Amino acid sequence: MKHLKPLAALLLALLMAAGMPACSPAPGQEAPAPAAEATQAPAPEPTDAPAATDEPAPEIELIVFAAASMTETLNEIAELYRGVAPNVTLLFNFDSSGTLKTQIQEGADCDLFISAGQKQMNQLDITADASVNTEGLDYVLEGSRIDLLENRVTLCVPAGNPKNIVSFDDLAALLRDGEILFAMGNSGVPVGQYTQKILAYYGLNEEELASAGRITYGTNVKEVTTQVSEASVDCGVVYCTDAFSAGLTVVDSATAEMCGQVIYPAAVMKSGAQTEAAQAFLDYLRTDEAMAVFESVGFAPVA
């Protein structure tokens with residue numbers, strides 16, 4: 001049967017020419033996988049999101065209206081705050097609290113207000129009693145108002161104390177006798193209002209004493225401090241912080257019974273352009289670092 005071999009060879013050649021597999025896998029074996037086609041990863045979708053950068057914080061000018069008695073401490077604290085918020089420039093306006101309140105009411109730019117008395121802050125706070133906020137003013141940002149500091153009212157004398165005044169009792173006696181010239185803040189500023197309470201405590205008539213030439217006035221506590229420092233008066237009433245900063249001799253401190261507690265309220269102004277930055281600075285003023293500066297001149301945190 002030799003003639004079968006050429007026939008088998010011919011059949012095999014025909015199958016290969018037709019593209020059919022020459023053989024099937026052996027039992028128990030899998031057919032070889034076809035070769036994988038080369039693929040290309042899809043191109044990333046375009047995006048408009050900007051790349052992350054380390055851009056510096058925007059520059060901010062923060063306007064702070066503060067009682068004149070805070071001049072030295074806030075200027076010192078401003079230097080410290082540069083290390084905390086280097087992008088914030090603090091712009092201070094120091095004056096009597098009454099003057100600052102009026103400026104805010106008249107439209108002056110102010111982000112943060114720190115008053116030396118509750119009255120001036122109440123006059124801007126819609127939540128305050130209507131007997132104080134008589135005009136219904138609404139400038140205080142809700143939730144921002146705090147009692148920041150406490151101060152003390154003191155009786156100070158020029159160098160050498162020529163009249164030998166050592167207490168408020170001495171002040172009252174010498175004013176009655178017409179033997180001294182006394183300096184105080186006017187009725188529009190907190191230090192003057194505290195002094196008026198002291199005069200009333202001793203039963204002294206301020207108007208009569210002023211008419212007799214026994215009282216001179218300052219429009220803020222710094223003016224009173226200057227009069228005492230220059231010895232143009234025999235004594236004057238200022239805050240202990242101003243006495244410390246000016247190097248004045250303090251002979252007595254008023255009690256709460258004489259003039260009440262001297263509280264400095266602070267609040268962010270809702271009319272300001274930088275309410276968030278103002279709140280951040282107000283929060284910083286309550287830190288141990290800032291309080292150390294306040295306490296170094298006689299301020300105290302409110303108990």
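As the structure is a prediction and not an experimental result, all values here were calculated from the model. Position 1 is the first residue of the sequence; numbering continues from there. Side-chain atoms are counted along with the backbone in the values below, which use heavy atoms only and exclude waters and symmetry mates.
Hydrophobic clustering keeps Leu285 apart from Val140 (ILVMFWY residues linked when any side-chain heavy atoms are closer than 4.5 Å, directly or through intermediates). Both Ile77 and Val84 are members of a single hydrophobic cluster when ILVMFWY side chains are connected at heavy-atom separations under 4.5 Å. In this structure, Leu91 is a member of the same hydrophobic cluster as Leu100, with clusters built from ILVMFWY side-chain heavy atoms closer than 4.5 Å. Under the 4.5 Å side-chain heavy-atom criterion for grouping Ile, Leu, Val, Met, Phe, Trp and Tyr, Val250 is not connected to Val262 through any hydrophobic cluster. In the hydrophobic clustering of ILVMFWY residues, with side-chain heavy atoms under 4.5 Å counting as a link, Val268 and Val64 come out together.
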- Test log, rule side chain to side chain contact (heavy atoms under 4.5 Å, CB included), inputs Cys156 and Val237: CA-CA 6 Å; Cys156 299; Val237 168; over 6 Å; no
- Message: Could you go through Arg145 and Leu282, starting from their C-alpha distance and side-chain angles, then the distance that decides it, and tell me whether this counts as side chain to side chain contact (heavy atoms under 4.5 Å, CB included)?
- Response: CA-CA 10 Å; Arg145 180 173 175 174; Leu282 181 54; over 6 Å; no
- Query: Going through the checks in order, is the side chain to side chain contact (heavy atoms under 4.5 Å, CB included) test met by Met184 and Leu199?
  - Reply: CA-CA 11 Å; Met184 62 179 281; Leu199 295 178; 3.9 Å; yes
- After noting the C-alpha distance and the side-chain angles of Gln193 and Gln120, does the key distance pass the side chain to side chain contact (heavy atoms under 4.5 Å, CB included) rule? CA-CA 11 Å; Gln193 293 157 8; Gln120 289 74 21; 3.4 Å; yes
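Looking only at distances, a side-chain donor or acceptor of Thr102 sits under 3.5 Å from a matching main-chain atom of Gly98. Although no hydrogens or angles enter the test, the distance criterion places a donor-acceptor pair under 3.5 Å between the side chain of Ser115 and the main chain of Gly117. Panel note: side chain Arg214, backbone Gly178; a donor-acceptor pair is recorded below 3.5 Å. Using a distance-only test at 3.5 Å, with no hydrogens or angles considered, no donor-acceptor pair links the side chain of Ser229 to the main chain of Thr226. Using modelled atom types, one side-chain atom of Asp111 and one backbone atom of Ile63 make a donor-acceptor pair closer than 3.5 Å. Checking side-chain atoms of Tyr194 against main-chain N and O of Gly260 turns up no donor-acceptor pair under 3.5 Å. Judged purely by atom type and a 3.5 angstrom limit, Tyr239 uses its side chain to pair as donor or acceptor with the backbone of Val191. Checking side-chain atoms of Asn220 against main-chain N and O of Glu223 turns up a donor-acceptor pair under 3.5 Å. Of the possible polar contacts, one joining the Thr225 side chain to the Val221 backbone as a donor-acceptor pair under 3.5 Å is found. Asn75 contributes a side-chain N or O that, together with a main-chain N or O of Thr71, makes up a donor-acceptor pair within less than 3.5 Å.
Sorted by first and then second residue, the side chain to side chain donor-acceptor pair (under 3.5 Å) pairs involving residues 166-190 (not counting sequence neighbours) are Asp169-Tyr202.
Using a 4.5 Å heavy-atom cutoff, the side chains of Ile180 and Cys235 are in contact. Residues Phe168 and Ile198 are in side-chain contact: their nearest non-hydrogen atoms beyond the backbone lie under 4.5 Å apart. Residues Gln261 and Glu150 have side chains in contact (heavy-atom distance under 4.5 Å, counting atoms from C-beta outward). Counting heavy atoms from C-beta on, the side chains of Tyr284 and Leu80 come closer than 4.5 Å. Ile263 has its side chain out of reach of Leu149: every pair of non-hydrogen atoms, C-beta onward, lies at least 4.5 Å apart. By the 4.5 Å heavy-atom criterion applied to side chains, Asn93 and Gln103 are counted as neighbours. Counting heavy atoms from C-beta on, the side chains of Thr219 and Thr99 never come closer than 4.5 Å. For the pair Val228/Val233, a side-chain contact is recorded, criterion being any heavy-atom separation below 4.5 Å from C-beta on.
A donor-acceptor contact closer than 3.5 angstrom links the side chains of Glu135 and Gln105. One side chain, Gln227 or Thr216, offers a donor N or O that lies under 3.5 Å from an acceptor on the other.
For Tyr264 and Phe299, the ring centers are positioned less than 6.0 Å apart.
The two residues Leu181 and Ile215 come nearest to each other via the heavy atoms CD1-N, 4.1 Å. In plain terms, the two heavy atoms of Phe92 and Ala78 that are nearest each other are CE1-CB, 3.8 Å. Closest approach of Tyr81 and Ala280 over heavy atoms only: OH-C, 3.8 Å. Of all heavy-atom pairs between Pro265 and Asp147, the closest is CB-OD1, 3.9 Å. Counting all heavy atoms, side chain and backbone alike, Leu171 lies closest to Ile165 at N-CG2, 4.3 Å. Minimum interatomic distance between Ala159 and Pro162 (heavy atoms only, all atoms of both residues): O-CD, 4.1 Å.
Lys222 and Glu72 are joined by a salt bridge, as a carboxylate oxygen and a charged side-chain nitrogen come within less than 4.0 angstrom of each other.
Applying the 6.0 Å contact sphere to CZ of Arg152 captures no more than 12 heavy atoms from other residues, nucleotides or ligands.
Screening Leu74, Leu62, Leu112 against Leu90 for a side chain to side chain contact (heavy atoms under 4.5 Å, CB included) leaves a single residue, Leu62.
Here Cys110 contributes atom SG and Lys270 contributes atom NZ; the two are 14.0 Å apart, rounded to the nearest 0.5 Å. In this structure, the separation between CD on Glu206 and OG on Ser211 is 10.0 Å, given to the nearest 0.5 Å. The line from SG of Cys240 to CG of Leu248 is 11.5 Å long, rounded to the nearest 0.5 Å. Atoms CE and CD1, from Met70 and Ile114 in turn, are 4.0 Å apart once rounded to the nearest 0.5 Å. Separation of atoms CG (Leu141) and CZ (Phe113) is listed at 15.0 Å; rounding is to 0.5 Å. Atom CZ of Phe244 and atom OG of Ser296 lie 6.0 Å apart (nearest 0.5 Å).
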